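Below is one structure, written out as structure tokens, with a few remarks after it.
Residue indices begin at 1 and follow the sequence shown. Quantities reported herein were computed from a predicted structural model and do not represent experimental measurements. Atom set for the values below is all heavy atoms of this structure, side chains included, hydrogens, waters and symmetry mates excluded.
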Amino acid sequence: MRHAVSCLRRLQGSLFGTASRSGFIPTSRHLCIDESAGRMSDSIIVTNISGSGGISPIILGLFEYFQRHTPSVGYFLPIAKPKSDRDPYSERLHLIRSEFKLEDDPDSMQGVLESEAEDMLANGQSDELVERIWSKFSEYKRKKGIVIIEGISVSGVSNEIEINGRLAADLGSPVLMVFDAMDDESLTSTEILTKVQIAKKKFMDCHADLVGLVLNRVPKKNVHKLTAEMQELAAREQSCAFAGAIPSDYILQSPRLNEVVTHLKAKWLFGDLEDSDVDASQMMVAAQDVSHLFKKIEHLTEIRRKEGLPSVRPLLLTTPDRTDILLSLAAAHGSSTGPNVSGVLLCDADQTTLDSHVKRIFAAFPHIFPVFAAKTGVYETANRVSHAHTRIIPTSTAKINRSKRLFNEYINTKLIGKRLVLPKSSKITPKQFIHEIHGACRDNKKHIVLPEGQDRRILQAAAEITTKGLADITLLGDPVEIVASARKFNVDISKCAIIDYLNSPLKERFAKLWSEERKEKGATYETSLNLMDDLNVFGTMMVKDGMADGMVSGAMCTTANTIRPALSILKQPEKTLVSSVFLMCLPDTVLVYGDCAINVDPTAEQLAQIAATSAETATSFGVDAKVAMLSYSTLGSGAGPAVEKVKRATEILKKDYPNLKVDGPIQYDAAIDPQVASTKVKEKSDVAGKATVFIFPDLNTGNNTYKAVQQSTGALAIGPLIQGLAKPVNDLSRGCTVADIVNTVACTAIQAMSSSVVMNRFLSRVSTFRLVD
């Protein structure tokens with residue numbers, strides 16, 4: 001338990017359209033019931049917000065409901081507790097697979113085991129842990145119409161709601177909250193609503209969507225009254241949709257014999273195993289003679305009858321040597337006169353053998369009560385039985401059927417189904433964005449060259465990239481030195497290619513190509529051959545010659561040294577201006593900032609070109625391009641040369657790209673905030689208050705703004721991504737981390753996916769997560 005608690009505590013610590021000059025054409029979404037209303041979620045997280053209690057009846061009822069309406073329903077457990085040392089799969093997973101006849105590979109239905117999660121987090125691999133959960137979930141849900149995700153729940157963890165909120169946001173799954181009333185008759189609707197509102201705020205702070213609320217184990221006599229009050233309060237307070245309350249139920253809360261023997265790991269001896277799905281809440285130790293035992297059973301039955309409780313046959317604990325008791329029970333059972341028992345547990349089975357005559361008699365008896373053998377003594381067995389938690393296992397037929405019936409009777413399934421049609425939203429978390437990009441990279445693997453082959457961060461990133469299958473990697477440098485460095489840093493680069501660029505025969509070939517391309521600039525073969533000794537020139541020529549799809553450098557080199565060769569040899573004739581963008585991954589959206597790295601003071605014409613190229617880049621990364629041409633003036637509220645430049649750039653864009661959503665000059669607050677936009681922008685605008693691409697008037701403004709947002713909000717800034725080149729070359733900061741390098745390589749691979757076939761496959765993979773309003 002301590003492992004699980006620490007694991008979860010540390011755990012807290014998309015996409016698309018095609019672009020053309022004539023306009024930007026959005027692609028269709030998958031799993032969409034009503035385009036005008038929104039999109040149908042392909043998953044739902046069910047999580048307990050009360051800190052205790054179970055959710056099995058809700059999981060079972062919800063699964064059956066979805067099976068009636070969806071061809072393929074799945075179940076996924078992000079962090080799983082193994083059933084035993086020999087069984088790595090959780091008990092609930094076994095239950096769901098058995099009851100709903102799922103043939104899915106059980107390994108695909110679990111993210112990671114608690115022990116694995118503990119080890120990864122202890123080693124500072126939280127990102128890798130999330131990546132593994134996301135990867136397994138994404139792969140699994142591809143085959144399903146909808147997936148039910150069971151929220152992480154471990155006693156002793158105080159921040160479960162925040163953990164599940166972050167999980168819901170990152171997986172893009174709305175949350176069905178479950179509040180367990182635990183049969184508490186003193187609990188009022190106001191108290192419940194207060195706790196629900198606190199939970200709702202925590203989920204909203206994590207940018208998670210909510211389906212609604214279900215109450216579980218409400219006192220039976222209060223269920224209708226509490227349901228009516230909750231419906232009224234939820235509607236009045238607009239807290240969240242209330243889907244109903246499941247009453248406390250005797251069958252669900254009572255231990256069954258099959259659950260008890262599973263808990264004890266007892267061995268079956270006689271009787272029909274199907275008969276073990278019976279109430280075992282009354283336990284009795286047979287220590288007296290037979291007559292007193294039978295009288296005691298009859299007396300307890302009479303007491304329950306007078307109290308209005310259902311008649312219960314006791315679970316009898318005895319030892320194999322009590323032949324008198326066993327034969328008397330068999331005779332009473334066979335005569336149908338009673339008293340009867342639900343079953344017998346023979347304790348100390350390893351120490352005492354069962355008489356052979358008793359074995360023959362029991363074996364010959366038709367429909368005898370179930371008999372099991374336990375290795376532990378009577379006292380220890382009785383203690384373990386009394387402390388066994390009630391739960392639902394695959395053989396709990398009565399509880400499973402009861403759960404489904406109660407769910408169908410008391411839960412508004414239509415409301416849940418309706419709430420799963422999410423409104424159109426631009427919400428996407430940084431992890432979602434990165435994971436979807438990584439997924440697209442795996443689907444359409446590209447070849448990226450990393451010239452700085454001896455840098456430790458580059459080696460670590462190269463190992464991670466190739467291990468995850470994000471791209472094929474070529475490192476430049478002396479192979480002996482690179483391999484030695486990798487060994488020194490304990491990095492596995494066995495999947496990477498290495499080219500000794502200083503001694504490579506490719507230098508002559510590249511020099512010839514360079515001199516031909518640059519002959520108008522006075523380049524000769526001899527001068528070009530000398531240039532090939534520069535690692536960035538050599539890497540750029542690999543891209544030019546088609547040996548690599550893109551290049552990433554700058555961990556050791558300056559920006560000028562990184563991009564200068566590309567500007568010389570990879571410029572596009574129709575895009576004479578090379579510029580850059582940053583992908584700003586905020587908590588629940590992704591924005592595009594340009595130009596923040598290259599052009600110091602662009603003209604109006606250049607600004608228009610930067611905006612058009614940035615919109616195309618945004619679209620390739622799934623951002624529905626709504627371009628804000630930024631200024632200190634909003635649509636004529638101010639004047640001056642800087643304002644006129646932005647105004648002129650906006651006019652050029654609207655003329656040359658009539659289908660592009662663009663507005664300006666506009667201030668940042670009016671571009672991003674709908675309330676501010678409603679005050680400052682009076683005329684109709686497709687951009688004001690909902691911009692996704694922000695074009696800054698000069699480098700000073702852009703560079704400082706992206707850094708201010710990054711440092712002030714903790715946003716993940718990916719870039720700068722160079723745009724306007726024939727093939728992608730991107731620059732790293734010399735202070736970059738391994739994660740920065742991995743993300744930049746992934747983005748470079750996306751930029752390299754230029755063919756329609758490749759891009760269409762990319763779009764279809766992630767179209768559910770399109771960033772639209």
Side-chain angles (χ1 to χ4, degrees), residues 14-15 126-127 130-131 169-170 207 426-438 441 457-458 461 464-465 470 550 552-555 558-559 562-563 578-599 610-611 613-623 625-628 630 668 671-672 691-724 728-751 771:
S14 317
L15 265 162
S126 58
D127 287 341
V130 174
E131 172 69 25
D170 285 337
H207 308 284
S426 61
K427 183 180 294 185
I428 184 170
T429 68
K431 282 189 176 64
Q432 276 182 296
F433 186 71
I434 294 300
H435 290 318
E436 289 299 340
I437 287 175
H438 286 187
C441 289
R457 295 162 298 171
I458 294 292
E464 182 175 337
I465 290 162
L470 303 181
V552 174
S553 187
T558 64
T559 297
T562 297
I563 67 172
V578 174
S579 58
S580 71
V581 293
F582 276 88
L583 302 178
M584 303 298 295
C585 300
L586 297 166
D588 63 351
T589 193
V590 176
L591 304 177
V592 177
Y593 285 4
D595 178 0
C596 303
I598 294 181
N599 296 283
I610 291 170
T613 312
S614 299
E616 186 174 349
T617 298
T619 304
S620 70
F621 282 95
V623 179
K626 295 180 176 68
V627 183
L630 297 176
Y668 192 99
I672 199 169
T692 56
V693 179
F694 297 81
I695 305 302
F696 297 95
D698 54 57
L699 184 60
N700 182 53
T701 307
N703 189 270
N704 279 290
T705 301
Y706 105 77
K707 288 181 178 176
V709 172
Q710 180 187 38
Q711 296 299 320
S712 300
T713 68
L716 172 65
I718 303 175
L721 302 181
I722 311 302
Q723 53 190 16
V729 170
N730 284 311
D731 178 43
L732 297 166
S733 164
R734 277 171 282 179
C736 63
T737 64
V738 173
D740 293 333
I741 300 169
V742 172
N743 289 338
T744 302
V745 168
C747 289
T748 305
I750 297 297
Q751 288 179 300
L771 303 182

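- The heavy-atom pair separating A628 from A671 by the smallest distance is CB-CB, 3.7 Å.
- Residue A625 comes nearest to T619 through the heavy atom pair CB-OG1, 4.0 Å, listed as atom of the first residue, atom of the second, then distance.
- Partners of S579 according to the side-chain hydrogen bond (donor to acceptor under 3.5 Å, both in side chains) rule, which considers only residues two or more places apart in sequence or in another chain, are Q723.
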What do the steps show when you test V590 against V623 for side chain to side chain contact (heavy atoms under 4.5 Å, CB included), and what is the final call? CA-CA 7 Å; V590 176; V623 179; 4.2 Å; yes
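- Taking 4.5 Å as the limit, every side-chain heavy atom of T589 sits out of range of all side-chain heavy atoms of M584.
- Applying the ring-ring contact (aromatic ring centres under 6.0 Å, His included) rule to pairs touching residues 695-722 yields F582-Y706, Y593-F696, sequence neighbours excluded.
- For I672, the side chain to side chain contact (heavy atoms under 4.5 Å, CB included) criterion is met by L591, Y668, F694, not counting sequence neighbours.
- Side chains of I750 and C441 form a contact here, defined as non-hydrogen atoms less than 4.5 Å apart.
- Residues L732 and R457 are not in side-chain contact: their nearest non-hydrogen atoms beyond the backbone lie 4.5 Å or more apart.
- Between V693 and T617 there is no side-chain heavy-atom pair separated by less than 4.5 Å.
- Minimum interatomic distance between G594 and V581 (heavy atoms only, all atoms of both residues): CA-CG1, 4.2 Å.
- Of all heavy-atom pairs between G724 and T613, the closest is N-CG2, 4.0 Å.
- Residues L470 and V742 form a side-chain contact, since some pair of their non-hydrogen atoms from C-beta on lies under 4.5 Å apart.
- When all heavy atoms of R734 and G554 are compared, the closest pair comes out as CG-O, 3.3 Å.
- Within the model, atoms CD of Q710 and OG1 of T705 stand 12.5 Å from one another, a figure rounded to the nearest 0.5 Å.
- Taking CG of D170 as the reference point, atom CD1 of I434 lies at 11.5 Å (rounded to 0.5 Å).
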Side chains of residues 711-719: which donor-acceptor pairs under 3.5 Å do they make with residues two or more places apart or in other chains?
from: S712; atom 1: OG; to: A708; atom 2: O; distance (Å): 2.8
from: T713; atom 1: OG1; to: V709; atom 2: O; distance (Å): 2.6
from: T713; atom 1: OG1; to: A715; atom 2: N; distance (Å): 3.2

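- Taking SG of C585 as the start and CG of N743 as the end, the distance is 8.0 Å to the nearest 0.5 Å.
- In this structure A169 satisfies the side chain to side chain contact (heavy atoms under 4.5 Å, CB included) test together with T429, sequence neighbours excluded.
- Scanning for side chain to side chain contact (heavy atoms under 4.5 Å, CB included) contacts around N704 gives N700, with sequence neighbours left out.
- Side-chain contact between F621 and V592 is absent, with no heavy-atom pair separated by less than 4.5 Å.
- Considering only residues two or more places apart in sequence or on other chains, E464 meets the side-chain hydrogen bond (donor to acceptor under 3.5 Å, both in side chains) condition with K468.
- Under the 4.5 Å side-chain criterion, counting only non-hydrogen atoms from C-beta, V552 is in contact with V745.
- When the side-chain hydrogen bond (donor to acceptor under 3.5 Å, both in side chains) test is applied to S733, no partner is found at least two apart in sequence or on another chain.
- The closest side-chain donor-acceptor pair between T744 and N730, if any, does not fall under 3.5 angstrom.
- Here the shortest heavy-atom pairing between A597 and L699 reads N-CD1, 3.2 Å.
- Under the side-chain hydrogen bond (donor to acceptor under 3.5 Å, both in side chains) criterion, T559 pairs with D731, not counting sequence neighbours.
- Atom-to-atom distance recorded for I722:CD1 and D595:CG is 8.0 Å, nearest 0.5 angstrom.
- L583 is listed as a side-chain neighbour of C747, based on a closest heavy-atom distance under 4.5 Å.
- A side-chain donor-acceptor contact under 3.5 Å links N599 to the backbone of V578.
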